[in-house]
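Notes follow the structure.
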Amino acid sequence: MNPAAEVWKKVKALMGAEMTATTLNTWFDDAQAIALQEDSFVLYSPSRLKRDIIAARYILPIQNALHELFSANFQVTVLTEGELDSFQQETKHSSFLPGTEEYTFDRFVVGSSNKFAHAAARKVADNPGESYNPLFIFGNSGLGKTHLLYSIAHTIHASHPEYKIIYVKGDAFTNELITAIREGRNQEFRDKYRGADVFLMDDVQFIAGRDSTQEEMFHTFNTLYELKKQIVFTSDRPPKEMLRLEDRLKTRFEWGLLADIIPPDYETRMAIVKNKSIRMGMELPDFLIQLIAENITANVRQIEGTVNKIMAYQDLIGDTVDKNTVIRAVKDIFKEKSDILPTADVIIEEVCKFYNIEPDILRGQGRSKDISLARQIAIYQIRRMTNLSLKEIGQEFNGRDHSTVLNALNRIEGLVKTDPEKAEIIKDITTNINARYE
């Protein structure tokens with residue numbers, strides 16, 4: 001199904017209420033919807049005459065119909081012979097944050113739960129380096145923090161294409177620094193990040209507790225801040241709750257504006273479902289929109305995932321979109337915990353990524369302090385997040401015996417209760433494991 005084509009059908013139906021069938025047929029009979037992009041809608045008419053008439057007389061009715069559908073303003077472009085190929089080639093070769101084109105402010109559904117963060121992000125995007133620097137957006141996973149980061153990036157790129165805009169996740173920043181140190185490219189690393197006009201870091205909580213990374217972030221922040229370059233962070237918690245984050249970084253992160261996002265209220269969830277379904281070319285009846293909004297309450301990503309599931313049922317097995325289809329999709333999102341348990345391999349992989357060690361080393365006989373701690377955390381996470389027995393867990397670590405596994409569990413359980421920093425590490429790793437299944 002082509003979402004743009006489905007939207008075009010609805011646009012023509014809405015315009016049909018305002019103009020005659022003869023007018024619609026005369027000028028729009030062979031017009032095709034090519035793309036529904038960000039805040040733009042692209043049409044193609046093989047006749048140059050018709051293209052010129054549409055562009056001269058009918059752009060406003062099309063924009064009004066789109067606004068009625070999406071409650072957002074769209075730029076409408078009409079292409080004709082010779083222009084379509086150029087447009088498709090240009091779209092194909094767009095290289096700025098590829099794959100994130102849909103994450104724009106116009107596609108971000110605003111409600112009471114995110115209104116403040118959205119307004120702050122918009123202000124930053126319109127006046128980079130002048131308002132709220134740094135901007136620090138925090139909230140649980142799946143509420144739209146990354147969407148706002150990409151929206152800022154796309155808005156600034158559109159108005160300042162010459163700006164060097166860098167987006168990076170906290171753990172990727174750490175891994176890149178480790179590689180740069182190992183390969184002797186420290187200066188190249190510093191030039192890259194300290195030369196940014198806009199610096200966007202997602203999940204900044206993952207740099208906490210990493211001495212070299214925090215040192216590099218401290219100097220990068222200072223350089224960019226003094227040059228009045230825009231800095232934006234996202235995190236799952238405010239700076240003061242990052243127990244392993246250095247105080248000097250906590251202070252700097254709080255210099256600008258802190259903006260939180262909380263789970264969407266019922267009205268916002270309704271708007272998200274409606275907006276997502278229409279953009280995918282599917283118009284759900286109100287009672288089904290209500291059913292989704294009532295059952296999925298905490299996570300925007302899950303709401304969108306439910307709409308995707310319904311679309312898949314319709315496309316792949318020809319199901320009618322009715323109450324039963326929605327119930328199946330909702331059940332699929334909210335499977336029983338036992339149905340979506342992570343594997344031991346996934347847990348070990350995430351622990352290894354966090355500590356930057358290889359799985360074979362974690363599973364092996366290495367006894368250094370860091371490797372032993374990482375191995376014990378992996379054992380603890382496997383016991384906590386899977387149904388594996390102590391014997392089966394031991395087999396994941398080259399056949400370690402029951403008592404070794406039990407000792408690891410007892411040690412980490414004790415640390416979680418008595419060492420807030422270790423408890424925070426467990427929380428971060430758990431977040432990364434769960435993210436693999438969202």
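For the numbers below, each heavy atom of this structure counts, side chains included, while hydrogens, waters and symmetry mates do not.
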query = Does the ring center of F74 lie less than 6.0 Å from the ring center of H67?
reply = no
task = Would you indicate whether K123, at its atom NZ, is surrounded by more than 12 heavy atoms from other residues, nucleotides or ligands within a distance under 6.0 Å?
result = no
query = Should the heavy atoms of other residues, nucleotides or ligands under 6.0 Å from CD of E413 be counted, would the total exceed 12?
reply = yes
ask   = Does atom CD of E183 have more than 12 heavy-atom neighbours from other groups under 6.0 Å away?
value = yes
query = For the residue pair F221 and Y225, does the interplanar ring angle fall in the parallel (under 30°), tilted (30 to 60°) or perpendicular (over 60°) class?
reply = parallel
query = Between F173 and F206, does the ring centroid distance fall short of 6.0 Å?
reply = no
request  = Mind running side-chain hydrogen bond (donor to acceptor under 3.5 Å, both in side chains) on T430 and R384 for me, showing each step along the way?
outcome  = CA-CA 10 Å; T430 302; R384 193 168 66 97; 2.7 Å; yes
ask   = Are K228 and E130 ion-paired here, with the side-chain N under 4.0 Å from a carboxylate O?
value = no
inquiry  = Does any part of the side chain of F108, heavy atoms only, come nearer than 4.5 Å to the side chain of N114, both counted from C-beta?
reply    = yes
ask   = Ion pair present between D30 and K50, side-chain N to carboxylate O less than 4.0 angstrom?
value = yes
task = Name the orientation class of the two ring planes belonging to F136 and F233 (parallel below 30°, tilted from 30 to 60°, perpendicular beyond 60°).
result = tilted
request  = Examine R248 relative to F218 and say whether NZ or CZ is less than 6.0 Å from the centre of the six-membered ring and inside a 45° cone about the ring axis.
outcome  = yes
